[in-house]
**Student:** 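Let me begin by handing over the structure; questions about it come next.
Since this is a predicted model, take the numbers as computed values, not measurements. When a ligand or atom number is given, it counts from 1 through the structure's own listing order.
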Amino acid sequence: MMTHAAYDCDVLVIGGGIVGLSTAYAITRAAPGTRVTVLEKEGGPARHQTGRNSGVIHSGIYYRPGSLKARYALRGSAELVDFCAEHGIAHAVTGKLIVATERSELPRLHALVQRGREHGLPVRELGPAQITAYEPQVRGLAAIRVGTTGVCDFRAVAARLADVVEAAGGTVRYGSEVTAIDRRPWGVAVRTAGGPVVRARVLVNCAGLHSDRVARLAGDEPGVRIVPFRGEYYELARPELVRGLVYPVPDPAFPFLGVHLTRGVDGSVHVGPNAVPALAREGYGWPVVRPAELLSTLSWPGSWRIARRHWRYGAGEVHRSLSRRAFTLAVRRLLPAVREEDLRPSPAGVRAQAVLRDGTLVDDFLIREGPHTVHVLNAPSPAATASLPIGREVARRALRRARETGWRPPAVESGHCV
Ligand SMILES: Cc1cc2nc3c(=O)[nH]c(=O)nc-3n(C[C@H](O)[C@H](O)[C@H](O)COP(=O)(O)OP(=O)(O)OC[C@H]3O[C@@H](n4cnc5c(N)ncnc54)[C@H](O)[C@@H]3O)c2cc1C
C-alpha cells in the first residue's frame with residue numbers, strides 16, 4: 001500500500017463540466033480536507049454540453065417515478081435555485097407551458113398531468129384562451145403549466161462551483177487533457193497531454209461526450225458507446241413574440257426531441273434544438289468531421305440499429321437542419337406568427353447519448369464502477385438541473401472506493417492537491 005503522501009490527490013475527477021465540478025464540490029462538502037483535483041482539457045469550465053444547453057431548470061415532470069432522473073431533477077431543481085440565489089447567479093423560476101397542437105397529443109398531455117401530480121408538482125390545465133393569456137402569440141388545443149420550471153446561467157453555475165472547490169482546498173486544472181490511465185493495485189496513475197503523471201486513489205470519469213472513451217482508457221468496458229447528437233438553435237429576432245418557456249408534448253420515443261421556445265436569463269429567445277447525428281463528438285456544425293470518432297460511432301452495432309429503427313424520424317430532423325424554411329414550418333405549429341427571417345442561427349450543442357449494443361438509447365442516468373474508478377456514462381438532460389444530487393451520489397461512491405485504499409476522512413484540512 002502507498003503512503004498518503006505518495007498520492008498526488010485522493011480523488012481525481014476528469015471533466016470540468018457541471019457534473020465533474022458538482023462531484024468535486026460534493027467531496028469538499030462531505031469530507032473537507034479530502035484532496036480533490038479536477039482535470040479539464042479546455043481552457044475553462046463548461047465549454048461543452050454545460051455551456052451549450054437550453055439553460056432550463058427542468059421541473060422533473062417528464063421522468064418515470066422512481067427513476068434517477070425523476071428523483072434528482074425534483075430535488076436538484078430546488079437546490080439549484082437556492083444555489084443560484086446564494087451565489088448571486090442569474091436565474092428565474094418562470095414556469096413553463098407544454099402545449100398540444102394536435103388532438104392525437106391530448107392523451108399524452110393528460111398523462112403528463114397525472115405524472116406531474118404524482119411528483120407533487122404544481123400543474124395547471126389550460127384551454128386555448130388561457131394559453132393566450134400566458135403567451136399571446138402561442139396557439140394550441142390545450143396546455144399545462146408547470147410552475148417550478150425556470151432558467152439559469154449554467155456556465156456561471158459551473159464557474160462558481162469551480163471557485164468554491166478551489167476555495168475549499170481543491171484544484172481545478174484547465175488545459176489538462178487526460179490521454180492515458182494506468183490502473184495499479186494502489187489506485188490510478190493518469191497522464192495528461194504534455195503534463196505530469198497524477199497519482200490518485202480513485203478516478204472519477206465525468207468526461208461527458210468522451211466518457212465511454214475514458215472508461216476504456218481506464219480498462220473498464222462501459223457496455224455503451226456515446227453517440228453524439230447535435231442540437232441546433234436559432235435566436236428569435238423578435239423576442240417579444242415569446243414571454244417564457246413553451247414546449248411541445250414530448251414523443252415518448254424521443255423525449256429530448258421537439259423544438260421548443262425558451263426565453264433565457266438575458267431576455268433572448270432561443271428556438272430549438274433539433275437533433276441530428278454529429279460527425280464528431282464535439283461537432284458543432286456539419287463541416288466538423290473527425291474520421292476516427294465517426295468510425296468509432298459507426299463500428300458500434302447500436303448506432304446502425306438506431307439508424308434502421310428511426311431513419312424516417314432522423315431524415316425529418318436532417319431536413320429541418322438543412323432547410324430554415326422547413327424548420328420555420330415546424331416552429332409555426334406552436335408560434336404561427338414566426339417568419340423565416342425571424343430565425344437567426346445561434347451556437348449549437350452536442351448531446352452525449354449513451355447507446356447500448358442493441359440500439360437502445362439509455363434513458364436514465366448511468367453510473368458504473370470498477371476497481372478504483374467511478375464512471376458517469378450517461379448524463380443527458382436534465383443532468384445540468386440535477387447536477388447537485390448527481391454530484392453527491394458520485395462523490396459518495398468515490399469516497400467509498402477511496403476507503404478501500406486506506407483513505408479515511410481527514411480530521412482537519414490537509415491542504416492542496418497537486
Ligand atoms: C443541446 C442541449 C440542450 C440541453 N438543455 C438542457 C437544459 O435546458 N437543462 C438541463 O438540465 N440540461 C440540458 N442539457 C443537458 C446538460 O447540458 C448536460 O446533461 C450536462 O451539461 C452534462 O454535464 P457534464 O459535466 O456531464 O458534461 P460536459 O459539460 O460535456 O463536460 C464534460 C467535460 O469533460 C471534458 N473532458 C472530456 N474528455 C476529457 C479528457 N480526456 N481530459 C480532460 N477533460 C475531458 C470536456 O472538455 C468537458 O468540459 C442539454 C444538453 C444539450 C447538448
**Student:** If you measure from each non-hydrogen atom of Ser176 to ligand 1, which part falls under 4.0 Å: side chain, backbone, both or neither?
**Tutor:**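 It is the backbone that touches ligand 1; the side chain stays farther off.
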
**Student:** Report the nearest protein non-hydrogen atom to atom 49 (O) of ligand 1: residue, atom name, distance rounded to 0.1 Å.
**Tutor:**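 So the nearest neighbour among protein heavy atoms is Glu40 OE1, 2.6 Å.
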
**Student:** Does an N or O from Tyr233, backbone or side chain, lie closer than 3.5 Å to an N or O of ligand 1?
**Tutor:**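 Checking ligand 1 against Tyr233, no N or O pair falls under 3.5 Å apart.
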
**Student:** For atom 19 (O) of ligand 1, what is the closest protein heavy atom, and at what distance to 0.1 Å?
**Tutor:**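 In this structure, atom 19 (O) of ligand 1 has Ala379 O, 2.6 Å as its nearest protein heavy atom.
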
**Student:** Which residue holds the protein heavy atom closest to atom 4 (C) of ligand 1, what is that atom called, and what is the gap in Å?
**Tutor:**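 Nearest neighbour among protein heavy atoms for atom 4 (C) of ligand 1, to 0.1 Å: Asn53 CB, 3.1 Å.
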
**Student:** Provide, to 0.1 Å, the distance between atom 9 (N) of ligand 1 and the closest protein heavy atom, together with that atom's residue and name.
**Tutor:**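 Looking only at protein heavy atoms, the one closest to atom 9 (N) of ligand 1 is Val56 O, 2.8 Å.
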
**Student:** Please list, in number order, the atoms of ligand 1 under 4.0 Å from a heavy atom of Glu42.
**Tutor:**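 Those atoms are 47 (O).
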
**Student:** Within a strict 4.5 Å, meaning less than it, do heavy atoms of the Arg243 and Gln137 side chains meet?
**Tutor:**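 Arg243 does not reach Gln137 side chain to side chain.
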
**Student:** Which residue and atom name correspond to the protein heavy atom nearest atom 39 (C) of ligand 1, and how close is it?
**Tutor:**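 Checked against all protein heavy atoms, atom 39 (C) of ligand 1 sits closest to Lys41 CD, 3.9 Å.
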
**Student:** Please work out which of the three classes, parallel, tilted or perpendicular, describes the rings of Tyr72 and Phe365, given edges at 30° and 60°.
**Tutor:**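 Answer is parallel, since the angle falls under 30°.
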
**Student:** Identify the protein heavy atom lying closest to atom 26 (O) of ligand 1, giving its residue, its atom name and the separation to 0.1 Å.
**Tutor:**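 Minimum-distance protein heavy atom for atom 26 (O) of ligand 1 reads Val19 CG2, 3.4 Å.
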
**Student:** What is the closest protein heavy atom to atom 31 (O) of ligand 1, and at what distance does it sit?
**Tutor:**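 In this structure, atom 31 (O) of ligand 1 has Gly17 CA, 3.4 Å as its nearest protein heavy atom.
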
